[in-house]
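Okay, structure first, notes after.
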There are 2 protein chains.
Amino acid sequence: MITKHTDYAIRALCEMARNKQSRELFPVAELAEKLKIPRPFLRKLLQILNNKGVLKSYKGQGGGFKLGRPPQRIFVVDLIRIFQGPFKIDKCVLSKDVCPDVRTCLLRKKVVAIEKHMISELKSITIASLLSMKDKS
Amino acid sequence: MITKHTDYAIRALCEMARNKQSRELFPVAELAEKLKIPRPFLRKLLQILNNKGVLKSYKGQGGGFKLGRPPQRIFVVDLIRIFQGPFKIDKCVLSKDVCPDVRTCLLRKKVVAIEKHMISELKSITIASLLSMKDKS
DNA sequence: CCTGAATGATACCACATTAGTATCATTTGT
DNA sequence: ACAAATGATACTAATGTGGTATCATTCAGG
Ligand code: FES
Ligand code: FES
């Protein structure tokens, strides 16, 4: 359900969010070591997050990545979408023919409803909310 | 969410259930042609269903497969389990370290709850219920 | 202005899972 | 005996995920 791409991204973002009082800029090398994620892999992930606007990057010596917006506004569901593609059950979950009519099929209706429920449940979770759990523990 | 294995199985079972008044026994060749599923592939799937008791097979000339129990008692969720393995989010969805404590983590709680909801929603769908939609349309 | 530390972009490799094929053995009706 | 069917199983192909490698670009600091 959640791949390593998403997993690592969440971890890196949490790490940055937690230390964001003291510093804003984090080079990949440092994060990779602290979180024990393969450096080139994490780098690719952060580059993607940069392209999506979740992070902002600074090149050159002393550069690195910083959060593109406050942790309260970074939603886990968006990270899932970025790394695992959009939730898509637009078209028939089964390949035609089984179903009487795409508009009336029971199975399809259920699946779509389940997906909506899933998304709405996940929607409230942000990097900030994950972090707050961590602090309390 | 639903693989072709499950998809094809559902389709074949629906086809058999729909015609079950007139005949009980269906050879793979016929189903494969009617549903446009590669014959050897469908054959493998039906063999699996036979081993799981969903179908009953008859060898030799004039043989084929028939439903192992009434369509009201063939649940889609069971087919998913047969072809896609058990739903398993037992262990942490993220790999350690992110989470404060496996018992308190918000994300994990949500994911587990979502999965439960999913299963309970799917539980009520049977081959018969899919078919009844089809007839009405 | 040169160098080194950092990201940007992209192509590539390794592995697992899913999808599908091929083959030979066994059963059974005619 | 023969042909039509499944049983079992090994194999191949396509896809997705996880990860590496490389070269180009930017930029701070001496
Ligand atoms: S599952 Fe697609 S129309 Fe029914
Ligand atoms: S997601 Fe596993 S403990 Fe939080």
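- Nearest heavy atom pair, residue A/Leu67 against residue A/Met16, reads N-CE, 4.0 Å.
- Across all their heavy atoms, B/Ser124 and B/Ser129 have their closest contact at O-OG, 4.3 Å.
- Remark: C1' of D/dT12 and CZ of B/Phe41 are 13 Å apart, rounded to the nearest angstrom.
- Atoms CG (A/Leu42) and P (D/dT17) sit 19 Å apart, rounded to a whole Å.
- The outermost nucleotides of DNA chain C lying under 4.0 Å from heavy atoms of chain B, listed 5' to 3', are C/dA19 to C/dT30.
- Crowding of B/Arg69 atom CZ: a count of heavy atoms from other residues, nucleotides or ligands under 6.0 Å exceeding 12.
- In this structure, A/Leu46 and A/Phe65 approach most closely via the heavy-atom pair O-CE2, 3.7 Å.
- A pairwise comparison of heavy atoms in B/Thr126 and B/Gln72 identifies CG2-O, 3.2 Å as the closest pair.
- In the set D/dT20, D/dA4, D/dT6, D/dT6 carries the atom at the smallest distance from any side-chain atom of B/Gln47.
- Atom CD in A/Gln84 sits about 7 Å away from atom P in D/dT17, given to the nearest Å.
- Both B/Gly60 and A/Lys44 lie near DNA chain C, and the one whose nearest nucleotide falls closer to the 5' end is A/Lys44.
- Between A/Pro38 and B/Asn51, it is B/Asn51 whose nearest contact on DNA chain D lies nearer the 5' terminus.
- Look at CG on B/Asn50: it is 14 Å from P on D/dT9, rounded to the nearest Å.
- What separates CG of A/Leu25 from P of D/dA28 is a distance of 11 Å, to the nearest Å.
- Rounded to whole Å, atom C1' of D/dT25 lies 18 Å from atom OH of A/Tyr58.
- Close to D/dT17, at under 4.0 Å from its OP1 or OP2, lies no side-chain N or O of A/His5.
- Between A/Thr3 and D/dG18 there is a side-chain N or O to OP1 or OP2 distance below 4.0 Å.
- What separates CZ of A/Phe83 from P of D/dG16 is a distance of 18 Å, to the nearest Å.
- At whole-Å resolution of the value, CZ in A/Arg43 and C1' in D/dG19 are 14 Å apart.
- Shown are A/Arg23, A/Lys20, A/Lys36, A/Lys34; of these, the salt bridge (Lys or Arg N to Asp or Glu O under 4.0 Å) with A/Glu15 is made only by A/Lys34.
- Within a 6.0 Å radius of CD in A/Glu30, other residues, nucleotides and ligands contribute more than 12 heavy atoms.
- Closest-nucleotide positions on DNA chain D for B/Pro27 and A/Pro40 were compared, and the one nearer the 5' end corresponds to B/Pro27.
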